[in-house]
2 protein chains.
Amino acid sequence: MIAQTIYTAFDRAGQRITRPRRLIADRLAELAASGADFSLDDLWHDLREQDPHFGRATLYRSIEVLVNQGLLDRITYADGSHRYHVCHDNTHYHLTCVQCRRFVEVDLDVSVEQFASVCHQTNFSLEGLTLTLFGRCARCRNEQGDAPR
Amino acid sequence: MIAQTIYTAFDRAGQRITRPRRLIADRLAELAASGADFSLDDLWHDLREQDPHFGRATLYRSIEVLVNQGLLDRITYADGSHRYHVCHDNTHYHLTCVQCRRFVEVDLDVSVEQFASVCHQTNFSLEGLTLTLFGRCARCRNEQGDAPR
DNA sequence: TTTTCTGCAAACGGTTTGCATCGCT
DNA sequence: AGCGATGCAAACCGTTTGCAGAAAA
């Protein structure tokens, strides 16, 4: 159960299991099941349906923890906006549509060893990497020339 | 001369060559020569020294054009902040330090054809990609355990 | 009972916009 | 002369913070 994993992540970060965090975990579990990606605002509105007084700040504070714990993936778009999704594994690559923002995770045969070796030569320790392909999906290309984005 | 290239880019975008844009081009030429990366705020302060009334909005409007023209590269950090640098060529990869933010361009043998083929399978048109390696540089690792970032 | 967490509201910081004026062409 | 570009100030929007009260441990 994903909700359990999330409780554990909070615990690992030394955070109490509270009602708001339970609501977050439950909703994230649903989102993980559907594979959907979401903005914090989306998520906040969902949570407000469970509890009309759910605070925005609470959400931001909790999400930060989950991102740091590697449970949530924060995707940054070319315009600087963010969307999130629950991670399946810890290395993955994205292909995202610059117009409608739908994205898929893709399987790339990327040589992480090569990156490690480049880092080593440059005397960096490698702590992470992001690889995002930006493109336009078929649906958006077929729409009658709407202004991009 | 890089400043010339920038004039051309403005022209290609159908924008007049004005005094503020000349100042921007000149300053970017200097920055390109030194290889430095910069924030818009850095750049704005530089420009204010040339002209104390230089408007922020003007800078944002012009930079947007240059980014779209592929002359400037906008780097998005893990925390969502941005820095820029003048591009040397149109495909490059970054290795950036999560602590001090210095970065180097690295030469990676990345198979762009592979990406193109993945996009094709997924029925996306490939319009760009970002690949950034995050790590910690030697200097930051050697400092006495300062709090990261 | 102690400590952490919460919701609220206000602050923040980077970016964008409306508008009257200025200045390229 | 005409239209685009500018500078300014205000608006915006996602995010963070300060705080007093509420809820876990």
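Quick note on labels: first sequence line is chain A, next is B, and so on, each numbered from 1.
B:H120 contributes no side-chain N or O that, together with a main-chain N or O of B:A116, makes up a donor-acceptor pair within less than 3.5 Å. For A:R48 (side chain) and A:F54 (main-chain N/O), a donor-acceptor pair under 3.5 Å exists by modelled atom type. Checking side-chain atoms of B:S62 against main-chain N and O of B:L59 turns up no donor-acceptor pair under 3.5 Å.
Residues B:V86 and B:D37 have side chains not in contact (no heavy-atom distance under 4.5 Å, counting atoms from C-beta outward).
Atom P of nucleotide D:dT15 and atom CG of A:D41 are separated by 9 Å, given to the nearest angstrom. Spacing between atom CG of B:L43 and atom P of C:dG14 amounts to 14 Å, rounded to whole angstrom units. Regarding A:D51, its CG atom lies at a distance of 8 Å from the P atom of C:dC8, rounded to whole Å. Taking atom CZ on A:R83 and atom P on D:dC13, their separation rounds to 17 Å, with Å as the unit. Put simply, CG on B:L40 is 13 Å from C1' on C:dT16, counting in whole angstrom units. Spacing between atom CH2 of A:W44 and atom P of D:dG14 amounts to 11 Å, rounded to whole angstrom units. In this structure, B:R22 places its CZ atom 12 Å from C1' of C:dT25, rounding to the nearest Å. Atom CD of B:Q50 and atom C1' of D:dG7 are 18 Å apart (whole Å).
The stretch residues 3-21 of chain A touches DNA chain D through A:R16, A:I17, each having a heavy atom within less than 4.0 Å of the strand. Contacts between residues 53-63 of chain A and DNA chain D, defined by a heavy-atom separation under 4.0 Å, are made by A:R56, A:A57, A:Y60, A:R61.
The existence of a salt bridge linking B:R83 and B:D42 is confirmed by a sub-4.0 Å separation between a basic side-chain nitrogen and an acidic carboxylate oxygen. In this structure, B:D11 does not pair ionically with B:R16, as no charged nitrogen and carboxylate oxygen lie closer than 4.0 Å. Contact check on A:E64 versus A:R61 returns no salt bridge, with no Lys/Arg side-chain nitrogen under 4.0 Å from an Asp/Glu carboxylate oxygen.
The nearest pair of heavy atoms linking B:T122 to B:V118 is OG1-O, 2.5 Å.
Counting any heavy atom pair closer than 4.0 Å across all strands shown, A:R48 reaches sugar-phosphate atoms only and no base atom.
Geometrically, B:R74 does not engage B:Y84 in a cation-pi contact defined by less than 6.0 Å to the ring centre and at most 45° from the axis.
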